[in-house]
Structure formats: structure tokens, C-alpha cells
Amino acid sequence: MPELPEVETIVRDLSSVLIGQKVVEAKFLNNRIRENCDYKRASILKGRQLKNISRRGKNIVFHFTENIALICHLKMTGKLLVKADSSLDKKHLHFFIKFEKSKLNYYDVRKFGRICILRNSGLFNHPRLKKLGPEPFEITPKLFADIIKKRKKAIKLALLDQEVVAGLGNIYADESLFYAGIRPTLKASGISRARLKKLHDSIIKVLNKAVNNRGTSVDDYLDGFGQRGNFQNQIAVYGKTGQPCPNCGIQLKRIVLGGRSAHFCWKCQK
DNA sequence: GACAACCTGACC
DNA sequence: GGTCAGGTTGTC
């Protein structure tokens with residue numbers, strides 16, 4: 001499940017190979033993943049050069065010459081690989097861009113992911129980018145606390161809300177709350193500024209560590225080259241229900257919050 | 001603020 | 001055969 005560190009890893013992988021190359025061919029093989037944007041046909045990309053690839057929250061943005069951009073959100077099971085992976089079933093290949101020297105393939109078992117090709121002028125106003133909160137790495141502890149203080153819902157749900165902070169998902173929200181010693185059910189607005197400073201610090205540390213480990217392959221996440229990440233070996237609480245807390249040793253708990261599982265230590269997180 | 005919907009594969 | 005996984009949108 002790609003969150004900020006996984007998406008960041010993919011962006012770096014793809015950038016190292018694809019930037020500067022011209023598009024030879026591009027095609028949607030399944031229209032379900034195509035969003036209704038400016039351009040329905042991927043062939044609009046033909047002949048254009050890839051200038052840059054960037055990340056905003058969990059979105060990947062490809063910038064082409066002549067003011068064309070492509071936004072991709074991987075949702076749950078989307079994968080962008082710079083070459084065909086023989087271990088992935090071809091029936092899940094839904095989009096591709098053939099460059100001069102490389103081919104970029106989009107696989108998605110569940111077809112939740114979305115790809116949209118649009119003019120640069122509309123990029124900023126795309127509904128998925130427009131409403132995003134700040135990037136965790138670009139926010140001061142004070143501003144982070146200001147934003148959280150305005151939210152009345154449970155802190156875990158505030159962290160998952162992309163309009164609050166962009167890029168956190170279930171794994172890193174659980175991990176950050178564990179290191180900050182904060183229970184996921186606490187009302188966001190009631191948490192002290194001192195504790196929110198610690199939470200901000202935990203988020204930065206966890207995300208940095210995960211990026212340095214090329215993401216978490218707890219399920220089926222693969223980077224841009226089809227390789228698994230390494231952070232799953234360093235997870236403290238996510239998916240560890242019933243296992244001992246790495247801090248105090250009592251059994252970790254799982255509750256359902258906002259329809260999603262939250263994993264935490266009953267003793268260390270108050 | 002809760003919850004269904006979108007999908008499929010993995011697992012019981 | 002039923003349940004679960006979770007990012008995001010849409011609906012009540």
C-alpha cells in the first residue's frame with residue numbers, strides 16, 4: 001500500500017531512468033483507471049519529452065514538454081515499473097508509456113488507481129491536488145500543531161486525512177503515534193502542543209527512515225524496478241496485533257477506527 | 001460523523 | 001462461501 005515513502009521511492013527510481021526521454025507510444029489498455037481530464041487518448045503524449053517527475057502527497061506527477069502533465073495515484077495496488085515484470089499477470093497491465101530506451105508499465109490488480117492526462121494550467125486545480133494539506137517535510141512543528149488543533153476527530157483519523165497533512169497512510173500513522181506515545185483515539189484538538197511537537201518529530205523520523213529503507217513491503221508493494229522495500233522489518237506496531245510491544249512487552253492491541261484498523265500499545269500510548 | 005462503494009486475491 | 005485488506009470519494 002503505497003504511502004509517502006513508497007511513492008517517493010518510486011518517483012526517484014523512475015526519475016533516474018526516464019527523465020529526458022521522448023515518448024514513442026502511450027496507451028490505456030483499460031479505461032477504468034483513466035480519469036476524465038483534458039485528454040482521453042494517451043497518444044497525446046507521443047513525441048513529447050519527459051522533463052521531470054514529482055510527488056505531491058501520494059500522487060505522482062509526470063511533467064512533459066509542451067505543457068502536458070500526467071497525474072497518477074496508485075491507491076491500493078497500483079504499480080509503476082520501468083519494465084515488464086514476468087511475475088505480474090499481464091491481465092493487470094492497464095496502461096503503458098513506451099519511451100525511446102525504456103517502457104513504463106502501470107499494473108493494478110484492483111483497479112482502484114487513477115491516471116489523468118491534462119494541461120499544465122489545470123494541474124494546480126485538479127481536485128486531487130488542490131485540496132491536499134502540506135507536505136510533512138515542509139511544515140514547522142508549530143504550523144503542524146495549529147492544523148491539528150483545529151480538528152475535532154480522533155488524532156489517527158486526522159493524520160489519515162490528506163487535507164490535514166499529505167502522504168500519511170495507515171502504516172505510518174500507526175507507527176508515528178506509537179513513537180509519540182499517543183493513543184490513536186485521542187481527540188486531536190485536545191492534545192497539548194508539547195505532545196504534538198513530539199508527534200511531528202516522530203512523523204518526520206518514521207518517514208525519513210522509511211524513505212531510506214525504500215518503503216514498506218508488508219503486502220505487495222514494489223518499487224519502480226520491481227524490488228521490495230525493507231522497512232517492513234522495522235515496523236513497531238502496524239499489523240502486530242497480539243505480539244509484544246517493542247517498548248514494554250505487553251500484547252499490542254487492534255481496534256477499528258473510522259473503518260480501518262489501528263494498532264497500538266495500551267500501556268505506552270495514552 | 002459513519003459507512004458504503006470501488007475491486008481482487010488471500011485466507012479462514 | 002464469507003471476510004478482510006485500505007486510499008479516496010460520495011452519500012446519508
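Basis for what follows: all heavy atoms, side chains included, without hydrogens, waters or symmetry-related copies. Naming: A, B, ... by sequence-line order, numbering from 1 per chain.
Residues A/Q162 and A/K58 have side chains in contact (heavy-atom distance under 4.5 Å, counting atoms from C-beta outward).
Residue A/T77 is out of contact with every strand shown, counting any heavy-atom pair closer than 4.0 Å. A/G259 comes within 4.0 angstrom of no nucleic acid atom, judged by non-hydrogen atoms across all strands. Residue A/R128 is classed as a sugar-phosphate contact, given heavy-atom separations below 4.0 Å to backbone atoms only. Nucleic acid contact for A/R151: none, since no nucleic acid atom lies under 4.0 Å from a heavy atom of the residue.
Residue A/K153 places none of its side-chain N or O atoms closer than 4.0 Å to OP1 or OP2 of B/dG1. Between C/dG6 and A/S261, a contact under 4.0 Å exists linking OP1 or OP2 to a side-chain N or O. The side chain of A/H92 contributes an N or O atom lying less than 4.0 Å from OP1 or OP2 of B/dG9. Regarding contacts with the backbone of C/dA5, every side-chain N or O of A/Y238 stays at 4.0 angstrom or more from both OP1 and OP2. The phosphate of B/dG9 has OP1 or OP2 within less than 4.0 Å of a side-chain N or O from A/K91.
The side chain of A/M1 lies closest to C/dG7 when the candidates are C/dG7, B/dT8, B/dG1. Checking C/dG7, C/dG6, B/dG9 against the side-chain heavy atoms of A/K75 singles out C/dG7 as nearest.
When the C1' atom of B/dA2 is taken as reference, atom CG of A/L157 falls 11 Å away, rounded to whole Å. Spacing between atom NE2 of A/H263 and atom C1' of C/dA5 amounts to 10 Å, rounded to whole angstrom units. As a whole-Å value, the separation of A/L132 CG from C/dG7 P is 14 Å. Rounded to whole Å, atom C1' of C/dG7 lies 15 Å from atom NZ of A/K131. With rounding to whole Å, A/L160 atom CG is found 15 Å from C/dT9 atom C1'. Summarising the geometry, the separation between CD on A/Q162 and P on C/dT9 is reported as 9 Å, rounded to the nearest angstrom. At whole-Å resolution of the value, CG in A/D108 and C1' in C/dG6 are 13 Å apart. As a whole-Å value, the separation of A/L74 CG from C/dG6 P is 17 Å.
Each of A/E163 and A/M76 lies near DNA chain C, and the nucleotide nearest A/M76 is the one positioned closer to the 5' end. Comparing A/R110 and A/P127, the nucleotide of DNA chain C nearest to each residue sits closer to the 5' end for A/R110.
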| Working for disulfide bond (SG atoms under 2.5 Å apart), residues A/C37 and A/C116 | CA-CA 6 Å; A/C37 289; A/C116 157; 1.9 Å; yes

| message | Go through it in stages, so that I can follow the logic: the residues are A/D220 and A/K79, the test is salt bridge (charged side-chain N to carboxylate O under 4.0 Å, His left out), and I'd like the CA-CA distance, side-chain angles, deciding distance and then a yes or no. | response | CA-CA 9 Å; A/D220 63 349; A/K79 292 174 180 56; 3.3 Å; yes

| field | A/Y107/A/H92 under ring-ring contact (aromatic ring centres under 6.0 Å, His included): CA gap, chis, key distance, verdict | value | CA-CA 5 Å; A/Y107 294 90; A/H92 301 310; 8.4 Å; no

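Using bins of under 30°, 30° to 60° and over 60° for the plane-to-plane angle, the ring pair A/F64/A/F99 lands in the parallel bin.
Nucleotide C/dG6 forms no Watson-Crick or G-U wobble pair with any nucleotide shown, as no partner meets the under 3.5 Å limit on both distances.
No more than 12 heavy atoms of other residues, nucleotides or ligands shown are found within 6.0 angstrom of NZ on A/K22.
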